[in-house]
Amino acid sequence: MNVRVLLCAAIASTACGCNGAPGAPPADSEVIAPNKVVDFAVLYATNCAGCHGANGAGGPAIGLADPVYLAIADDATIRRVTANGVPGTAMPAFAQSAGGLLTDEQIDAVVNGIRARWAKPNMFSDADIPSYAAPAPGDPARGADVYARYCASCHGAAGRGGQHGSSIVEGAYLALVSDQGLRTNVIVGRPEMGAPDWRGNVAGKALSSRDVSDVVAWLAAQRPRPPRLASSAPKKPIR
């Protein structure tokens, strides 16, 4: 047998995994079923990074590695949003019980991994952070004044964009973000885009929880209303 024949035989044996099945893994290798994967890095990269950015740095959606966000959103909130999504927005449900692909154990792995890796609980011990959820409905009229003081310098007098910020009253944007999403963005900011958190809009004058509620109410009032459907009742004949 010449050298070429021996080399071909060796390559064929390697490709077969030495068990007779071309391309098959070695007999002692372990294949993990998708619903058994609980490694945070794998779950985050597969399910979250596309919107929230690699390593939670932010992308189309808010950065989950932001310590301000993790200071206002508790584990129950993050778990609920991850599991059930946010209806009417781009945030889908990931839990199997809500039509997604992740088990309860995998949801827990995502939530616990976010908290363990990125939270900085001692950073805001002395800060007066507005609450995650609005304690009461906001006042859009007062919110217009709050917007003028804190936001217009970047986003323009009417919210349609300025030198330092994009429009935040576009119907397409407001149709895809919930009131809670607006509130979260106002509090947390978007540091990866240069947008400050609740403390950085006006030097020395942080937004209060009421200020946040009111400016969110003003923004929500700019949201386009769906067109009213014509009545399906038969019209009365003209006599």
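FYI, the numbering just counts along the sequence from 1.
When hydrophobic clusters are built by joining Ile, Leu, Val, Met, Phe, Trp and Tyr residues whose side-chain heavy atoms come closer than 4.5 Å, directly or via intermediates, Val38 is not grouped with Leu64. Under a hydrophobic-cluster definition in which Ile, Leu, Val, Met, Phe, Trp and Tyr are linked whenever side-chain heavy atoms come within less than 4.5 Å, directly or via other members, Val42 and Ile32 are assigned to the same cluster. Both Val188 and Met123 sit in one connected hydrophobic cluster of ILVMFWY residues. Membership requires side-chain heavy atoms under 4.5 Å apart, directly or through other members.
Proximity of a side-chain donor or acceptor of Arg183 to a complementary backbone N or O of Ser131 within less than 3.5 Å is detected. Without hydrogens or angle criteria, Thr89 side chain to Val86 main chain gives a donor-acceptor distance under 3.5 Å. Although no hydrogens or angles enter the test, the distance criterion places a donor-acceptor pair under 3.5 Å between the side chain of Arg190 and the main chain of Ala61. Put simply, the side chain of Arg149 never gets that close to the backbone of Val202: no donor and acceptor are under 3.5 Å apart. With Asp214 contributing its side chain and Pro140 its backbone, the two residues share no donor-acceptor pair below 3.5 Å. Gln106 places a side-chain N or O within 3.5 Å of a backbone atom of Pro34 that can act as its donor or acceptor partner. In terms of modelled atom types and a separation under 3.5 Å, the side chain of Ser213 and the main chain of Ser209 share a donor-acceptor contact.
Taking each heavy atom of Ile78 and Arg115 in turn, the nearest pair found is CD1-NH2, 3.7 Å. When all heavy atoms of Arg199 and Val68 are compared, the closest pair comes out as NH2-CG2, 4.4 Å. A pairwise comparison of heavy atoms in Leu182 and Ala220 identifies CD1-N, 4.4 Å as the closest pair. Across all their heavy atoms, Phe124 and Pro67 have their closest contact at CE1-O, 3.5 Å. Between Ala83 and Ile107, the shortest heavy-atom distance links the atoms CA-CD1, 4.2 Å. When all heavy atoms are compared, the tightest approach of Phe40 to Ala109 is CD1-O, 3.6 Å.
When side chains are defined from C-beta on, Phe94 does not count as touching Cys48, because their heavy atoms never get closer than 4.5 Å. Proximity of Val186 to Trp198: side-chain heavy atoms (C-beta onward) are nowhere separated by under 4.5 Å. Counting heavy atoms from C-beta outward, Leu102 and Gln96 have side chains that stay 4.5 Å or more apart. Between Cys151 and Val215 the shortest side-chain heavy-atom distance falls below 4.5 Å. Between Lys120 and Leu70 there is no side-chain heavy-atom pair separated by less than 4.5 Å. When side chains are defined from C-beta on, Val146 does not count as touching Arg210, because their heavy atoms never get closer than 4.5 Å.
Within the model, atoms CG of Asp145 and CH2 of Trp218 stand 11.0 Å from one another, a figure rounded to the nearest 0.5 Å. With rounding to the nearest 0.5 angstrom, the CG atom of Asp75 is 9.5 Å from the CG atom of Asp108. With rounding to the nearest 0.5 angstrom, the CG atom of Asp197 is 12.0 Å from the CG atom of Asn185.
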Using atom types as modelled, flag every donor-acceptor pair under 3.5 Å from a side chain in residues 152-179 to any protein atom, sequence neighbours excluded.
| residue | atom | partner | partner atom | Å |
| --- | --- | --- | --- | --- |
| His155 | ND1 | Ser166 | O | 2.7 |
| Ser167 | OG | Gly159 | O | 3.3 |
| Ser167 | OG | Val169 | N | 3.4 |
| Ser178 | OG | Gln180 | N | 3.4 |
| Ser178 | OG | Gly181 | N | 3.0 |
| Asp179 | OD1 | Arg223 | NH1 | 2.9 |
| Asp179 | OD1 | Arg223 | NH2 | 3.0 |

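Residues Asp74 and Thr77 bring a donor and an acceptor atom of their side chains to less than 3.5 Å of each other.
Legend: side chain to side chain donor-acceptor pair (under 3.5 Å) pairs involving residues 44-70, not counting sequence neighbours: none detected.
Heavy-atom contacts from other residues, nucleotides or ligands closer than 6.0 Å to CD of Glu105 number 12 or fewer. For Asp104, the CG atom is loosely surrounded, since the number of other residues' heavy atoms within 6.0 Å does not exceed 12.
The pair Arg142-Asp211 meets the salt-bridge criterion, with a side-chain N (NZ, NE, NH1 or NH2) lying under 4.0 Å from an Asp/Glu carboxylate O.
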* Kindly indicate, with the supporting measurements, whether the criterion side-chain contact (heavy atoms from CB on, under 4.5 Å) is fulfilled by Leu207 and Ile187. => CA-CA 8 Å; Leu207 286 157; Ile187 298 171; over 6 Å; no
* To do: Please lay out, stage by stage, how Tyr150 and Lys205 fare under the test side-chain contact (heavy atoms from CB on, under 4.5 Å).
  => CA-CA 9 Å; Tyr150 288 92; Lys205 295 182 180 180; 3.9 Å; yes
